[in-house]
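Heads up: the structure comes next, in structure tokens.
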Amino acid sequence: MTTTGIGASIEVAADGSVAALMRSTSERWAAAINHRFVRELFADTVDDAVMRNYLVQDYQFFESFLSMLGACVAHADELDAKLWFARQLGMLVADEDTYFVDSFVELGVDPSDYLRPELAAPTARFRDLMDSAVDSESYPQLLVVLVVAELLYLDWAESQEEVPQRQVHRGWIDLHRSEAFRGWVQFLVYELERVFPTENDHGSEAEDLARTWRRAVDLECAFFDNVYDD
């Protein structure tokens, strides 16, 4: 096993399917990792209005993300994998939701403003992609979306060593570069590699998964861009 040049400390088989997917979106991936939002987050200089917009929009993925994990519990083909997803469901409720609620208090965001806001276009499209993966009842489809969402966040969170002073900035980084999160992402990468169809036997399915991967990476970049548009 070897890494493929990504910043995150994750093992990826250099000649495997995940590495090929990453090579297909290397420029867009790098654009997300080096995005203005990421740079300002580490520098503790994100404007509060931008941070509010980012977190309010990101919070709108929470329900769909929970549904994806639940679908993985249902459709994973091995018991150990089902248990991983079940444990991750508990972590999201205990840790990530707490961060969001505390950050909304710090930033002065009323519940009415973050529970049912108007969705930005990238938010709506990414949520549709997540919901489509749930509806597909396909474990590989679910994994593709999860790996993009989680590996990309681990990658940018490990891209710098700075520790911002403000909790709203530091907490978001810490959620995505902890040992527990790193282990979770490694599990997802291993699982996608394990169940990814071979082109010889399932060429059309592999192509469909690759399209989903590219779509997810494009939407991640668009999501970062959007927080500066308002």
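For the single chain, residues carry numbers from 1 onward in sequence order.
Between Ala81 and Ala76, the shortest heavy-atom contact is CB-CB, 4.0 Å. Smallest separation of non-hydrogen atoms from Ala222 and Pro122: O-CG, 3.6 Å. Minimum heavy-atom separation, Glu158 to Ser9: OE1-N, 2.8 Å. Considering every non-hydrogen atom in both Leu21 and Ala210, the closest pair reads CD2-CA, 3.7 Å. Contact detail for Cys221 and Ala31: the closest heavy-atom pair is SG-CB, 4.5 Å. What you find for Ala133 and Val145 is that their closest heavy atoms are CB-CG2, 4.2 Å.
Atom CZ in Phe61 sits 8.5 Å away from atom CZ in Arg127 (nearest 0.5 Å). Remark: Asp44 CG to Ile173 CD1 distance equals 8.0 Å, nearest 0.5 Å. Here Tyr99 contributes atom OH and Trp172 contributes atom CH2; the two are 6.0 Å apart, rounded to the nearest 0.5 Å. To the nearest 0.5 angstrom, Leu92 atom CG is 9.0 Å from Asp97 atom CG. Put simply, CG on Asp113 and CG on Leu107 are 12.0 Å apart, with the number rounded to the nearest 0.5 Å. Note that NE2 of His75 is 11.5 Å distant from CE of Met68, once rounded to the nearest 0.5 Å.
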Between Lys82 and Glu78, is a salt bridge (Lys or Arg N to Asp or Glu O under 4.0 Å) present by the stated rule, with each step listed?
CA-CA 7 Å; Lys82 291 176 183 287; Glu78 294 185 351; over 6 Å; no
Check against side chain to side chain contact (heavy atoms under 4.5 Å, CB included), Val38 and Ile33
CA-CA 7 Å; Val38 174; Ile33 302 309; 5.9 Å; no
Between Arg125 and Asp218, does the salt bridge (Lys or Arg N to Asp or Glu O under 4.0 Å) criterion hold? Intermediate values first, please.
CA-CA 11 Å; Arg125 291 168 186 157; Asp218 285 343; over 6 Å; no
Assess whether side chain to side chain contact (heavy atoms under 4.5 Å, CB included) is satisfied between Val56 and Phe104, documenting all intermediate values.
CA-CA 8 Å; Val56 166; Phe104 290 142; 3.8 Å; yes
Taking it one step at a time, do Phe187 and Phe85 satisfy ring-ring contact (aromatic ring centres under 6.0 Å, His included)?
CA-CA 10 Å; Phe187 158 74; Phe85 291 110; 5.3 Å; yes
Go through Arg194 and Asp77 one step at a time and tell me if the salt bridge (Lys or Arg N to Asp or Glu O under 4.0 Å) criterion holds.
CA-CA 11 Å; Arg194 181 178 68 82; Asp77 58 345; 2.6 Å; yes
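Considering only heavy atoms from C-beta on, Leu146 comes within 4.5 Å of Cys72 through its side chain. Contact annotation: the side chain of Leu143 never approaches that of Phe196 to less than 4.5 Å [non-hydrogen atoms, C-beta and beyond]. For the pair Phe42 and Ser159, the minimum side-chain heavy-atom distance is below 4.5 Å. A heavy-atom distance below 4.5 Å is found between the side chains of Leu55 and Val168. Side-chain contact between Met51 and Leu41 is present, with heavy atoms from C-beta onward closer than 4.5 Å. Taking the side chain as every heavy atom from C-beta outward, Leu69 and Leu142 never approach each other to under 4.5 Å. No side-chain heavy atom of His35 sits under 4.5 Å from any side-chain heavy atom of Trp156. Using a 4.5 Å heavy-atom cutoff, the side chains of Met22 and Val147 are not in contact.
Glu220 has no carboxylate O lying under 4.0 Å from a charged side-chain N of Arg28, or vice versa, which leaves the two without a salt bridge.
Here the side chain of Asp47 pairs a donor or acceptor atom with the backbone of Ala49 at under 3.5 angstrom. Using modelled atom types, one side-chain atom of Arg170 and one backbone atom of Gln165 make a donor-acceptor pair closer than 3.5 Å. Between the side chain of Ser67 and the main chain of Glu63, a donor-acceptor pair closer than 3.5 Å is present. Between the side chain of Glu150 and the backbone N or O of Leu188, no donor-acceptor pair lies under 3.5 Å.
By the neighbour-count criterion of 12 heavy atoms within 6.0 Å, atom CD of Glu106 is densely surrounded, having more than that number from other residues, nucleotides or ligands.
Asp155 and Trp29 form a side-chain donor-acceptor contact under 3.5 Å, judged by distance and modelled atom types alone. Between the side chains of Asp208 and Gln141, at least one donor N or O sits under 3.5 Å from an acceptor N or O. Remark: the Trp213 side chain and the Thr25 side chain contain an N/O donor-acceptor pair separated by less than 3.5 Å. Side-chain contact of Thr123 with Gln57: a donor-acceptor pair under 3.5 Å is present, judged by distance alone.
Residues Val148 and Phe62 are members of one and the same hydrophobic cluster, defined by side-chain heavy-atom contacts under 4.5 angstrom among Ile, Leu, Val, Met, Phe, Trp and Tyr. Grouping the Ile, Leu, Val, Met, Phe, Trp and Tyr side chains by contacts below 4.5 angstrom, directly or via other members, places Tyr228 apart from Leu119.
Residues Tyr114 and Phe100 keep their aromatic ring centres 6.0 Å or farther apart. Annotation: Tyr54 is in aromatic contact with Phe223 [ring centroid separation under 6.0 Å]. For an aromatic pair to be called close, the ring centres must be under 6.0 Å apart, and His176 with Tyr153 satisfies this.
Taking the ring centre of Trp184 as origin, the terminal cationic atom of Arg182 falls outside the region bounded by 6.0 Å and 45° from the ring axis.
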